[in-house]
**Student:** 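Submitted below is the structure of interest, expressed as structure tokens.
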Amino acid sequence: MADNYHDTVYRMYEASDLLFHNEQWFNANYLAGYVAECYCKLILQISRREGYCFQGSKNSERDFGHNVEGMYDEIALLAMNGYSISAYCIDLSIECSEILNHWNPNRRYESNACILNSKELGESIHKEMEKLIDYIIKMEVDGVFI
């Protein structure tokens with residue numbers, strides 16, 4: 001059974017958004033990282049379906065694990081090549097720099113005093129997560145998931 005990044009991205013988004021509005025910064029920020037991961041995996045899954053290959057030894061988006069930066073490198077290559085999926089490949093280093101700089105799935109074990117538990121970071125990350133969801137909605141409207 002294939003991984004369902006489409007459903008997962010919305011599940012993580014809804015949970016993160018709810019936590020954000022309840023000022024639960026740590027978990028809101030943490031789950032927003034999974035939104036970025038699922039966005040990347042969706043792009044890579046669609047690109048593979050359309051016949052675009054990954055670089056190196058990666059055979060599927062699952063092989064990247066939680067390595068959002070590694071997936072970002074692949075997405076940057078897709079963006080430069082003018083494929084049909086390229087229109088949905090955002091520059092994560094610019095558009096989602098806070099998520100890229102602060103998210104790591106192992107951070108779930110940190111204390112509440114860590115940077116993920118701050119309102120300021122939460123507001124920035126929430127805006128970045130909203131951009132990702134906007135791109136996913138645009139892909140839906142444009143029929144990319146068909």
Side-chain angles (χ1 to χ4, degrees), residues 1-81 83 85-140 144-145:
M1 181 163 113
D3 291 318
N4 190 327
Y5 303 114
H6 181 265
D7 289 353
T8 303
V9 77
Y10 280 109
R11 205 169 41 245
M12 296 298 152
Y13 168 75
E14 290 168 3
S16 179
D17 189 56
L18 179 67
L19 290 164
F20 173 80
H21 289 293
N22 284 302
E23 299 183 359
Q24 298 292 311
W25 315 119
F26 187 102
N27 287 328
N29 292 337
Y30 180 75
L31 292 177
Y34 283 108
V35 171
E37 179 182 325
C38 288
Y39 160 81
C40 291
K41 287 184 176 182
L42 273 170
I43 294 289
L44 296 177
Q45 190 176 57
I46 293 164
S47 70
R48 189 169 43 104
R49 182 188 74 203
E50 293 181 1
Y52 314 128
C53 297
F54 300 126
Q55 299 294 314
S57 62
K58 306 294 186 203
N59 295 316
S60 79
E61 61 283 346
R62 186 167 243 245
D63 290 344
F64 285 96
H66 299 295
N67 182 0
V68 175
E69 287 186 10
M71 288 183 275
Y72 160 70
D73 292 341
E74 293 293 326
I75 291 169
L77 289 172
L78 290 170
M80 290 188 303
N81 285 306
Y83 300 128
I85 194 69
S86 298
Y88 310 100
C89 297
I90 65 172
D91 187 336
L92 291 173
S93 68
I94 294 171
E95 301 293 333
C96 297
S97 62
E98 296 292 355
I99 293 174
L100 277 181
N101 289 330
H102 298 289
W103 185 74
N104 178 319
N106 294 324
R107 296 200 81 169
R108 67 187 175 272
Y109 302 116
E110 292 184 8
S111 71
N112 283 340
C114 82
I115 192 167
L116 285 180
N117 202 29
S118 74
K119 179 179 180 178
E120 294 78 21
L121 182 62
E123 290 171 345
S124 296
I125 284 179
H126 193 263
K127 287 177 188 172
E128 292 176 358
M129 181 181 69
E130 293 284 340
K131 288 178 193 175
L132 293 170
I133 290 299
D134 288 346
Y135 270 84
I136 291 166
I137 291 169
K138 183 170 176 25
M139 286 190 277
E140 289 173 342
V144 174
F145 295 116

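Just so you know, these numbers come straight off a predicted model, no measurement behind them. Computation of the quantities below employed the complete heavy-atom set of this structure, encompassing side-chain atoms and omitting hydrogens, waters and symmetry-equivalent molecules.
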**Student:** Going by side chain to side chain contact (heavy atoms under 4.5 Å, CB included), Val35 matches just one of Ile125, Thr8, Val9. Which one?
**Tutor:** Val9
**Student:** Is the shortest side-chain heavy-atom distance between Glu74 and Phe64 below 4.5 Å?
**Tutor:** yes
**Student:** Scan for side-chain hydrogen bond (donor to acceptor under 3.5 Å, both in side chains) pairs involving residues 19-29, sequence neighbours excluded, and state none if there are none.
**Tutor:** Asp17-His21
**Student:** Measure the spacing between CG of Asn4 and NZ of Lys41 and express it to the nearest 0.5 Å.
**Tutor:** 13.0 Å
**Student:** Would you please classify the geometry between the Tyr30 ring and the Phe26 ring as parallel, tilted or perpendicular, with 30° and 60° separating the classes?
**Tutor:** parallel
**Student:** Do other residues, nucleotides or ligands put more than 12 heavy atoms under 6.0 Å from Tyr10 OH?
**Tutor:** yes
**Student:** Using the test side-chain hydrogen bond (donor to acceptor under 3.5 Å, both in side chains), find all partners of Ser93 that sit at least two apart in sequence or belong to another chain.
**Tutor:** Tyr72, Asp91
**Student:** Check whether any side-chain heavy atom of Ile46 lies under 4.5 Å from a side-chain heavy atom of Met139, and answer yes or no.
**Tutor:** yes
**Student:** Side chains of Phe20 and Met129, heavy atoms from C-beta outward: is any pair under 4.5 Å?
**Tutor:** no
**Student:** Can you tell me how far the CG atom of Leu42 sits from the OH atom of Tyr5, to the nearest 0.5 Å?
**Tutor:** 8.5 Å
**Student:** Per the salt bridge (charged side-chain N to carboxylate O under 4.0 Å, His left out) rule, what does the pair list look like for residues 127-137, sequence neighbours excluded?
**Tutor:** Glu95-Lys131
**Student:** Side-chain contact, heavy-atom cut-off 4.5 Å: Leu31 with Tyr34?
**Tutor:** yes
**Student:** When rounded to the nearest 0.5 angstrom, what is the spacing between OH in Tyr88 and OG in Ser47?
**Tutor:** 14.0 Å
**Student:** Just by distance, no angles: are the side chains of His6 and Glu140 close enough, under 3.5 Å, to form a donor-acceptor pair?
**Tutor:** yes
**Student:** Is it the case that the side chain of Ser16 and the backbone of Tyr13 share a donor-acceptor pair, with hydrogens and angles ignored and the cut-off at 3.5 Å?
**Tutor:** no
**Student:** Are any side-chain N or O atoms of Ser86 and backbone N or O atoms of Leu78, one a donor and one an acceptor, separated by less than 3.5 Å?
**Tutor:** yes
**Student:** Can you tell if the side chain of Cys40 reaches within under 4.5 Å of the side chain of Leu92, non-hydrogen atoms only?
**Tutor:** yes
**Student:** Does some side-chain heavy atom of Glu37 sit less than 4.5 Å from a side-chain heavy atom of Met12?
**Tutor:** no
**Student:** Nearest 0.5 Å, what's the CD1-CG distance between Ile75 and Leu44?
**Tutor:** 5.0 Å
**Student:** If we ignore hydrogens and angles and just use 3.5 Å, is the side chain of Asn104 paired with the main-chain N or O of Asn106 as donor and acceptor?
**Tutor:** yes
